Amino acid sequence: MSDPAAMNSIIQGIGRYSRFTLLTHVSPDGDTLGSALAVYSLLTGLGKTAEVVCEEPVPHIYGYLPNADKVVLPDSAAGYECVIACDCADMSRFKKAEHLFRGAQYTMVIDHHFTNRGYADANLILDASAACEVVFMLYRAMGAPISPEAAVCLYTGIVTDTGNLTYSNTTPECIRMVAELYENGLDITTINRNIYRTVPFSKTRLQGHVLSNMKLEGDGRIGIATLTVAEMDAYGATNEDCEGIVDSVRDVESVKVAIFIREGRDGTYKVSLRSKDCADVGRIANKYGGGGHASAAGYSSSEPLSTTVAKALRDAAEALAQ
Ligand SMILES: [Mn+2]
């Protein structure tokens, strides 16, 4: 789906300014980093100044992304006059970088979340598999060549948001984009090894622990797993080591809705949801001020673990009954 007017407003914004701050979302993933770094390549290729800002250091797993070493924390950001938020469904996703957005002269959004209401001066929010797919369309609309560096970034966002081109959000169009990148020399073998087959020992052990304790509810249709900070510490595990646990819960044969609840160092709980075939978990996350998509979403809970678990189970059962 395209939106020529919105595309034009972004192209005009890029033409009007010379310095840009590119924002990524909290708990950075391959798509937010990939899209911001691909826009970084686009802008610097046009001779403009740009910086990519991330709330936390770039996760180890995405260290291979070209220019990942140039990503800065909010405190070290220059805060340029034009801000472009990449893959950020709403302003709460900026956390410590919000002042950079509020302080900008002009703001733009490049995104693919249906929950995004368009909070910037110019908003390019398309029905696409990944924000990287939207950035790919921006390159095409501008007639800009995709550098080998940008190709790695675009590919990373598309494959991480589509489960390596297998989730239901995968379209012939995004496969064609990947084919075009591949045709132009992209090394998908090395990138896939970096993303999917390079696992820290602490992660393998932690995941074994969490998954062996997961439970099935609602005739096996709901899978739930929890993790406390104490358990993480026992395995010397990092936040990054928790990535993918909710997907493993979802992959259990009988499970239709997967829930993974993890305690944060601030005492709140991060609830990750996945669904397959049915049930819109994006709606559940929305109810608690979170975000995401029908099949993958998340939110934060400040209530005790037992209440968080009970509510998540109730919401999942309701979503399955609809
Ligand atoms: Mn995304």
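As the structure is a computational prediction, the values presented were derived from the model and not from experiment.
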Engineer: Between the side chains of Thr228 and Glu263, does any donor sit under 3.5 Å from an acceptor?
Structural biologist: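 No, Glu263 and Thr228 have no side-chain donor paired with an acceptor closer than 3.5 Å.
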Engineer: Looking at Arg117, I'd like to know if its CZ atom is crowded, meaning that more than 12 non-hydrogen atoms belonging to other residues, nucleotides or ligands lie closer than 6.0 Å.
Structural biologist: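 Open: at most 12 neighbouring heavy atoms sit under 6.0 Å from CZ of Arg117.
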Engineer: May I have the step-by-step check of side chain to side chain contact (heavy atoms under 4.5 Å, CB included) for Thr226 and Arg262, ending in yes or no?
Structural biologist: CA-CA 6 Å; Thr226 61; Arg262 172 164 75 84; over 6 Å; no
Engineer: Applying salt bridge (charged side-chain N to carboxylate O under 4.0 Å, His left out), name anything that partners Arg93, two or more places apart in sequence or on another chain.
Structural biologist: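 With sequence neighbours excluded, Arg93 shows a salt bridge (charged side-chain N to carboxylate O under 4.0 Å, His left out) to no residue whatsoever.
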Engineer: Quick one: do Ile146 and Leu181 satisfy side chain to side chain contact (heavy atoms under 4.5 Å, CB included)? Show the steps, please.
Structural biologist: CA-CA 9 Å; Ile146 294 174; Leu181 299 173; 4.2 Å; yes
Engineer: Step through the shown structure and confirm whether more than 12 heavy atoms of other residues, nucleotides or ligands are within 6.0 Å of OH on Tyr182.
Structural biologist: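 Atom OH in Tyr182 is not packed in, count stays at 12 or less.
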Engineer: Stepwise, does the side chain to side chain donor-acceptor pair (under 3.5 Å) test hold for Asp187 with Thr190?
Structural biologist: CA-CA 6 Å; Asp187 179 3; Thr190 302; 2.5 Å; yes
Engineer: Output the distance between atom OG1 (Thr162) and atom OH (Tyr167), rounded to the nearest 0.5 Å.
Structural biologist: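 Going from the OG1 atom of Thr162 to the OH atom of Tyr167 covers 8.5 Å.
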Engineer: Classify the ring geometry between His293 and His113 as parallel (under 30°), tilted (30 to 60°) or perpendicular (over 60°).
Structural biologist: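 Aromatic pair His293/His113 classed parallel.
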Engineer: Answer yes if the side chains of Asp121 and Thr107 hold a donor-acceptor pair under 3.5 Å, and no otherwise.
Structural biologist: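 Yes, side-chain donor-acceptor contact under 3.5 Å.
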Engineer: Under 3.5 Å, is there a donor-acceptor pair linking the side chains of Ser92 and Asp90?
Structural biologist: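 Result is yes, a qualifying pair exists.
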Engineer: State whether Asp233 and Arg265 are salt-bridged, where the test is any N-O pair (Lys NZ or Arg NE/NH1/NH2 against Asp/Glu carboxylate O) under 4.0 Å.
Structural biologist: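 Result for this pair is yes, salt bridge flagged.
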Engineer: Determine, for Lys95 against Glu55, whether the closest basic-nitrogen to carboxylate-oxygen distance falls under 4.0 angstrom.
Structural biologist: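 Here Lys95 does not pair with Glu55 in a salt bridge, since their nearest N and O are not under 4.0 Å apart.
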Engineer: Is the number of heavy atoms from other residues, nucleotides or ligands within 6.0 Å of NZ (Lys96) greater than 12?
Structural biologist: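 Atom NZ in Lys96 is not packed in, count stays at 12 or less.
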Engineer: Does Lys256 have more than 12 heavy atoms from other residues, nucleotides or ligands lying within 6.0 Å of its NZ?
Structural biologist: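 Correct, the count exceeds 12.
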Engineer: Ignoring hydrogens and geometry beyond distance, is a side-chain donor-acceptor pair present between Thr156 and Tyr64 at under 3.5 Å?
Structural biologist: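 A donor-acceptor contact under 3.5 Å links the two side chains.
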Engineer: Under 3.5 Å, is there a donor-acceptor pair linking the side chains of Asp315 and Tyr288?
Structural biologist: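 Yes, side-chain donor-acceptor contact under 3.5 Å.
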Engineer: Mark yes when over 12 heavy atoms from residues, nucleotides or ligands other than Arg16 sit less than 6.0 Å from its CZ; otherwise mark no.
Structural biologist: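 Yes - once you tally the heavy atoms of other residues, nucleotides and ligands closer than 6.0 Å, there are more than 12.
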Engineer: Between Ser35 (side chain only) and Asp31 (backbone N and O only), is there a donor and an acceptor less than 3.5 Å apart?
Structural biologist: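 The answer is yes, because a donor-acceptor pair under 3.5 Å joins these two groups.
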Engineer: Are the charged groups of Arg205 and Glu231 less than 4.0 angstrom apart, N to O?
Structural biologist: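 Here Arg205 does not pair with Glu231 in a salt bridge, since their nearest N and O are not under 4.0 Å apart.
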Engineer: Go through the side-chain N and O atoms of His112 and Asp87 and say whether any donor and acceptor fall under 3.5 Å apart.
Structural biologist: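 Yes - a donor-acceptor pair under 3.5 Å links their side chains.
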Engineer: Are Thr32 and Asp29 close enough that a side-chain donor and a side-chain acceptor fall under 3.5 Å?
Structural biologist: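 No, no side-chain donor-acceptor pair sits under 3.5 Å.
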Engineer: How far does SG of Cys132 sit from CG of Leu37, to the nearest 0.5 angstrom?
Structural biologist: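 Answer for the SG-CG pair, Cys132 versus Leu37, is 9.0 Å.
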Engineer: Would you please classify the geometry between the Tyr235 ring and the His209 ring as parallel, tilted or perpendicular, with 30° and 60° separating the classes?
Structural biologist: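 His209 vs Tyr235 ring planes: tilted.
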Engineer: Test ring-ring contact (aromatic ring centres under 6.0 Å, His included) on Phe101 and Tyr119; report intermediate values, then the result.
Structural biologist: CA-CA 11 Å; Phe101 187 87; Tyr119 51 84; 5.5 Å; yes
Engineer: What I want to find out is whether Glu180 reaches Arg176 closely enough, with some N-O distance under 4.0 Å, to be called a salt bridge.
Structural biologist: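 Result for this pair is no, no salt bridge flagged.
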Engineer: Which atoms form the tightest heavy-atom contact between Asp241 and Gln207, and what is the distance?
Structural biologist: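 Between these two residues, the closest heavy atoms are O-NE2, 3.0 Å.
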Engineer: With a 3.5 Å cut-off and no angle check, do the side chains of Tyr155 and Asn192 form a donor-acceptor pair?
Structural biologist: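 Note: Tyr155 and Asn192 side chains meet the donor-acceptor criterion.
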